[in-house]
Amino acid sequence: MNKETISAHQTGVLAGILLFTLKMTSLPSILYKYNGTGALISVVVVITLNVLFLWLVVWVKQKYSNISMYDLLKAKLGTFITKFLYILFFSFFFLKLLLMICDSYSFLKDVADEEITLITVLICFLPIIATLAYSGIRNIGRTSEFFLPFIILSLVTAIAFSIVPITSFDFGSLTKDGFGGFFNSIFRPSFWTGDLFAILIFLDKIDLKKGKIKNMFFPLITMAVVFVGLYILYYILYQETSIFHVNIINDVVQYAIGTSKGWHMDFFAIVVFMINIYLQGAILLYCANECLKKTINFDCNGITLSAIIIALVATDFLYLTDYLSYIAFAENVLCYFSAITILLVPLLLIIIVLTKKRKSDERT
């Protein structure tokens with residue numbers, strides 16, 4: 001059977017998009033709340049864990065080159081446990097999509113029009129990500145690959161024009177409240193991290209040719225470097241007031257030299273944010289749809305995607321009218337769900353691969 005595939009480079013681009021997007025809004029202020037300017041350490045730790053997770057994906061792919069994640073888990077854990085896990089995975093992606101809609105709503109109210117309504121955001125957001133998700137992971141990968149240079153160039157440009165004379169570069173203490181502050185800065189915002197987990201859902205569609213592994217890591221590391229640079233600038237600019245700023249990608253250009261001269265550098269921030277939101281939204285919706293189809297044994301993209309979209313709209317209007325309430329919910333409740341998922345899945349994969357290796361050794 002012919003399957004749509006994505007290259008190692010496209011996989012790396014998707015990993016970079018997943019790493020970056022949800023961390024451009026409310027995450028920096030939450031990190032600062034728990035760990036002060038030492039949040040930069042937390043950011044570096046999160047990036048390192050994401051890179052290690054991508055290595056784990058490569059390791060699993062090399063051991064099980066053509067099998068899907070669902071079939072791999074089913075073979076090792078049985079149908080019932082696998083379906084239960086896929087229900088958890090679907091919930092993970094669905095809740096992430098809700099967070100993304102919340103972030104988009106807050107961002108657009110802040111930078112575009114404070115009178116904008118939730119229904120306007122949904123009309124602008126859902127049809128595009130649904131179309132991309134329906135077109136398949138290969139088209140999402142190609143689209144992301146096309147936009148990556150523009151994303152990087154725009155971010156670097158925004159950072160360059162945001163550098164202003166600063167009287168103090170003092171970052172303060174590297175940690176706030178000792179180890180407790182560092183731990184909370186990793187655990188409490190965990191629902192904003194772990195996005196690379198999505199790659200496992202289309203594991204069988206990755207075309208990982210010999211000698212191409214480095215192509216997978218280059219886009220991710222490039223985005224990570226820009227990401228860290230953006231956070232450094234953000235904390236230098238705002239320091240103690242960082243806790244009150246919830247749109248990092250826009251706030252770093254508020255005092256840009258170019259903006260003060262009428263260059264409107266915030267244009268780059270707005271465009272980059274919207275491109276990333278559409279691309280990551282499409283990835284998450286695609287993964288949620290794949291999980292739903294596997295769970296209910298119903299392979300019809302149009303119907304399952306429509307069901308997810310309807311559920312998103314209904315949930316938005318019933319429960320997400322207050323953006324800050326969902327942020328608090330993610331920070332204080334969903335952190336447990338995401339932390340368990342992010343820890344459980346890599347552990348399962350490591351056990352599965354090591355078990356396969358041990359059995360191979362016994363046969364020889």
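- Other residues, nucleotides and ligands place more than 12 heavy atoms under 6.0 Å from the CG atom of L343.
- Taken from SG in C287 to CD1 in I140, the straight-line distance is 8.0 Å, to the nearest 0.5 Å.
- Residues F94 and L98 are in side-chain contact: their nearest non-hydrogen atoms beyond the backbone lie under 4.5 Å apart.
- By the rule that hydrophobic residues join a cluster once side-chain heavy atoms approach within less than 4.5 Å of another member, L203 and L347 end up as members of separate clusters.
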Run the numbers on I213 and Q62 for side chain to side chain contact (heavy atoms under 4.5 Å, CB included), then give the verdict.
CA-CA 11 Å; I213 294 177; Q62 289 175 331; 3.2 Å; yes
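- Put simply, OG on S144 and CD1 on I17 are 5.0 Å apart, with the number rounded to the nearest 0.5 Å.
- Within the 6.0 Å centre-distance limit, the rings of F197 and F89 are counted as a close aromatic pair.
- Contact of the L292 side chain with the F298 side chain is not registered, since no non-hydrogen atoms from C-beta on lie closer than 4.5 Å.
- Looking at heavy atoms from C-beta onward, L348 lies in side-chain contact with L85 at the 4.5 angstrom threshold.
- One distance of note links CG of N50 with CD1 of I199; it measures 9.0 Å at 0.5 Å rounding.
- Under a cut-off of 6.0 angstrom, the local environment of OH in Y134 is sparse, with at most 12 non-hydrogen atoms contributed by other residues, nucleotides or ligands.
- At a cut-off of 3.5 Å, with distance as the only test, no side-chain donor of T193 or S190 sits close to an acceptor on the other residue.
- By the criterion of side-chain heavy atoms lying less than 4.5 angstrom apart, applied directly or through intervening Ile, Leu, Val, Met, Phe, Trp or Tyr residues, Y86 is grouped together with I81 in one hydrophobic cluster.
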Could you walk me through whether N139 and R142 pass the side chain to side chain contact (heavy atoms under 4.5 Å, CB included) check?
CA-CA 5 Å; N139 285 331; R142 288 175 172 176; 4.2 Å; yes
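- A donor-acceptor distance shorter than 3.5 angstrom exists from the side chain of K61 to the backbone of S65, with no hydrogens or angles considered.
- For I67 against Y64, the heavy-atom pair with the smallest separation is CG2-CB, 3.2 Å.
- In summary, the side chains of E331 and Y326 do not present any donor paired with an acceptor at a separation below 3.5 Å, with no hydrogens or angles considered.
- To the nearest 0.5 Å, atoms CG (L285) and OH (Y278) are separated by 14.0 Å.
- A donor-acceptor pair under 3.5 Å is absent between the side-chain atoms of T304 and the main chain of K293, judged by distance alone.
- Judged by distance alone, the side chain of S306 and the main-chain N or O of G302 form a donor-acceptor pair under 3.5 Å.
- Checked by atom type and distance alone, the side chain of T295 pairs as donor or acceptor with a backbone atom of C291 at under 3.5 Å.
- Remark: L132 CG to I137 CD1 distance equals 10.0 Å, nearest 0.5 Å.
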Any chance you could lay out the side chain to side chain contact (heavy atoms under 4.5 Å, CB included) test for L220 and M216, step after step, and finish with the verdict?
CA-CA 7 Å; L220 176 63; M216 185 182 295; over 6 Å; no
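- Side-chain contact annotation: N289 with N301, donor-acceptor N/O pair under 3.5 Å present.
- A distance of 11.5 Å separates CZ in F93 from CE in M100, rounded to the nearest 0.5 Å.
- More than 12 heavy atoms of other residues, nucleotides or ligands shown are found within 6.0 angstrom of CZ on F187.
- Between L99 and W192, some side-chain heavy-atom pair lies under the 4.5 Å cut-off.
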Go through the steps to decide whether K294 and Y70 satisfy the test side chain to side chain contact (heavy atoms under 4.5 Å, CB included), and finish with yes or no.
CA-CA 8 Å; K294 293 294 186 184; Y70 180 83; 3.8 Å; yes
